[in-house]
Protein chains: 2
Amino acid sequence: MADINISSLSDRAAAGQADQGSYSAEPIWDLIELLFFAYRDFVSDPDDVLAKFSFGRAHHRVLHFVNRHPGMKVADLLEVLKITKQSLGRVLKQLVDQGYVVQKEGENDRRQRLLYVTPKGEALAMRLAGLQTERIARALGQIGPNAHESARRFLVAMIDADGRDDVQKLIARADRARRPRS
Amino acid sequence: MADINISSLSDRAAAGQADQGSYSAEPIWDLIELLFFAYRDFVSDPDDVLAKFSFGRAHHRVLHFVNRHPGMKVADLLEVLKITKQSLGRVLKQLVDQGYVVQKEGENDRRQRLLYVTPKGEALAMRLAGLQTERIARALGQIGPNAHESARRFLVAMIDADGRDDVQKLIARADRARRPRS
DNA sequence: GAAATATGTCAACATGGCTGACATAAATAT
DNA sequence: ATATTTATGTCAGCCATGTTGACATATTTC
């Protein structure tokens, strides 16, 4: 970042906000770039930990959703991640072989391999979620009182209209799936 | 998404919000997952267009920042993208060879290769930014009046504290760099 | 003139996407 | 009861994009 002069950001941001509703001639540069930078940093904390386990982001995603969704079907995971079964197979196999995830035969349908985290898997998943939670909590803490709710609404609205309901159901369902206590 | 029952999301979200400030025992699941889904969809529109040009996300990022930052140094781009010069070199070469980006010798320092988009490059960059802007504008439109500002503040706060100022300066500077008119 | 800097390039490797083809077991339909 | 569909797994290979390490060249700075 070389010869960069400071200038007031807020007035430009305000102008951008005014733009946005009326005519969309000008791209919403600030949010486009902030999404890039925010997401980059958001995934960087887990990445560092995962590297010590010789795991990557792909493992993280699988571990995360299996942890959140005990008993998830392989097919569900494929749909959530929107990747092919071959791509999933590669990382899932490693997670199973190394004892982070187990697969159990479905009771109703014995073709299914329902996915569960082991205690070891849960520990790692929770550690990674903890890192991301720290970042989010720090961010929310720097903003007003209903920061969580407004961030949530923005992110939900950014999701494809088709998938939006499914995602919200997924989140709601997972909240009940974990936490049988309390 | 198979056998998923609906349940009220809002009460869980509210509970999550209450958690967050006081004790951070429980991960902020909803925002963790929403960031994943929102970002996934956010980059998917450009991806589709880029595929027609045989370009990928890496090209998009380079094109985006060069478009936003006419005259950017290669070193600056490396710092922004946080990738190695070899990775950058590969995609940059393609963009230059195919006439989307040009490199000009620095006037003060003739070792530098300052980066500029061609008209062709600008057209593509703006088209991609337009897609992302549509999504953002749609999202902001579904929320309250100061949605833009609160989204901006959330995303800024999510960035690493060290890089935060640089990012904001980068955005502010770019806003002035493009738009010499008006 | 020597050293540092900005950039480029070659080679090799890792990760995690992808397609296509094929295999197996279990459920479902005819 | 057999045929088909479904859920999952697996082999083989390709592609995009990240990495490291080594080295080359031009230019600026000390």
Side-chain angles (χ1 to χ4, degrees), chain A residues 1-3 36 40 43-44 46-48 50-64 66 71-97 101-116, chain B residues 1-3 36 39-40 43-44 46-48 50-64 66 71-98 101-116:
Chain A
M1 253 35 58
D3 53 285
F36 168 71
R40 188 189 62 182
V43 292
S44 73
D47 279 355
D48 295 342
L50 289 157
K52 297 188 213 153
F53 293 74
S54 298
F55 285 154
R57 256 174 234 186
H59 302 88
H60 184 192
R61 291 195 281 261
V62 170
L63 191 59
H64 170 91
V66 173
M72 198 176 199
K73 288 192 303 175
V74 170
D76 291 341
L77 195 46
L78 289 177
E79 209 181 321
V80 167
L81 299 178
K82 292 212 179 122
I83 59 175
T84 59
K85 66 178 170 179
Q86 294 91 330
S87 294
L88 173 60
R90 200 155 32 193
V91 293
L92 182 55
K93 191 170 191 309
Q94 296 175 335
L95 288 169
V96 170
D97 288 350
V101 171
V102 288
Q103 299 179 279
K104 292 184 191 169
E105 212 170 54
E107 296 203 341
N108 301 336
D109 188 334
R110 290 174 42 229
R111 290 170 304 180
Q112 298 172 352
R113 294 298 126 88
L114 306 183
L115 302 169
Y116 298 87
Chain B
M1 270 334 119
D3 52 284
F36 167 72
Y39 193 79
R40 187 189 64 182
V43 293
S44 72
D47 279 356
D48 295 342
L50 288 156
K52 297 188 214 152
F53 292 74
S54 298
F55 286 152
R57 259 176 230 184
H59 303 88
H60 184 193
R61 291 195 281 260
V62 171
L63 191 60
H64 171 91
V66 173
M72 198 176 199
K73 288 192 303 177
V74 169
D76 291 341
L77 195 46
L78 289 176
E79 210 180 321
V80 167
L81 299 178
K82 293 217 176 114
I83 58 174
T84 59
K85 65 179 171 179
Q86 294 91 331
S87 293
L88 173 60
R90 200 157 29 196
V91 293
L92 182 55
K93 192 170 191 307
Q94 297 174 16
L95 288 168
V96 170
D97 288 351
Q98 297 178 43
V101 172
V102 288
Q103 298 178 280
K104 293 184 190 170
E105 212 170 54
E107 296 203 341
N108 301 335
D109 187 336
R110 291 173 39 227
R111 290 170 304 182
Q112 297 173 351
R113 295 297 127 87
L114 306 184
L115 303 169
Y116 299 86

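The structure presented is a predicted model; accordingly, all values stated were derived computationally and were not measured. Reminder, nothing fancy here: chain letters follow the sequence lines and each chain counts from 1.
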Under 4.0 angstrom, heavy atoms only, what part of the nucleic acid is [X] near: base, sugar-phosphate, or nothing?
{"X": "R90(A)", "answer": "base"}
{"X": "H59(B)", "answer": "sugar-phosphate"}
{"X": "D47(A)", "answer": "nothing"}
{"X": "Q103(A)", "answer": "sugar-phosphate"}
{"X": "G89(A)", "answer": "nothing"}

Query raised in the report: Quick one: on DNA chain C, does R111(A) or Q94(A) contact a more 5' nucleotide (nearest heavy atom)?
Result: Q94(A)
Report task. Select from Q86(A) and L92(B) the residue whose nearest nucleotide in DNA chain C is closer to the 5' end of that strand. Result ->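 Going by which nucleotide is closer to the 5' end, it is L92(B).
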**Report entry** Which nucleotides of DNA chain D pair, in dot-bracket form (Watson-Crick or G-U under 3.5 Å, | meaning another strand)
**Finding:** ||||||||||||||||||||||||||||||
To the nearest Å, give me how far apart [atom1] ([X]) and [atom2] ([N]) are.
{"X": "L88(B)", "N": "dT7(C)", "atom1": "CG", "atom2": "C1'", "answer": "10 Å"}
{"X": "L115(B)", "N": "dT7(C)", "atom1": "CG", "atom2": "C1'", "answer": "11 Å"}
{"X": "E107(B)", "N": "dA6(C)", "atom1": "CD", "atom2": "P", "answer": "18 Å"}
{"X": "K85(A)", "N": "dC18(C)", "atom1": "NZ", "atom2": "P", "answer": "13 Å"}
{"X": "E105(B)", "N": "dT7(C)", "atom1": "CD", "atom2": "P", "answer": "12 Å"}
{"X": "K104(B)", "N": "dT7(C)", "atom1": "NZ", "atom2": "P", "answer": "16 Å"}

Query raised in the report: First contact, last contact: which nucleotides of DNA chain D are these for chain B, 5' to 3', heavy-atom distance under 4.0 Å?
Result: dT17(D) to dT28(D)
Query raised in the report: If you find the nucleotide of DNA chain D closest to D109(B) and the one closest to R57(B), which residue's nucleotide is nearer the 5' end?
Result: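 Between the two, 5'-proximity favours R57(B).
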**Report entry** Given DNA chain D, 5'-ward residue of the pair Q112(A) and F55(B), judged by closest heavy atom
**Finding:** Q112(A)
So [Y] and [X], do their side chains get closer than 4.5 Å, heavy atoms only?
{"X": "L115(A)", "Y": "V62(A)", "result": "no"}
{"X": "V74(A)", "Y": "K85(A)", "result": "no"}
{"X": "M72(B)", "Y": "V80(B)", "result": "yes"}
{"X": "Q103(A)", "Y": "L114(A)", "result": "no"}
{"X": "I83(B)", "Y": "R61(B)", "result": "no"}

Requested in this report: Go through dA26(C), dG16(C), dA6(C) for me and flag the one nearest to the R61(A) side chain.
Outcome: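 The listed nucleotide nearest to R61(A)'s side chain is dG16(C).
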Query raised in the report: Side-chain N or O of S87(A) less than 4.0 angstrom from OP1 or OP2 on dC18(C)?
Result: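 Checking S87(A) against dC18(C): at least one side-chain N or O falls below 4.0 Å of OP1 or OP2.
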Query raised in the report: Under 4.0 Å between a side-chain N/O of R110(A) and OP1 or OP2 of dA26(C), yes or no?
Result: yes
Nearest heavy atoms of [X] and [Y], plus distance in Å:
{"X": "E105(B)", "Y": "R110(B)", "result": "CG-O, 3.3 Å"}
{"X": "A58(A)", "Y": "V91(A)", "result": "CB-CG1, 3.6 Å"}
{"X": "L81(B)", "Y": "F36(A)", "result": "CD2-CZ, 4.2 Å"}
{"X": "E79(B)", "Y": "R40(A)", "result": "O-NH1, 4.5 Å"}

Report task. Could you label the plane-to-plane angle of the F53(A) and F55(A) rings as parallel, tilted or perpendicular, counting under 30° as parallel and over 60° as perpendicular? Result -> parallel
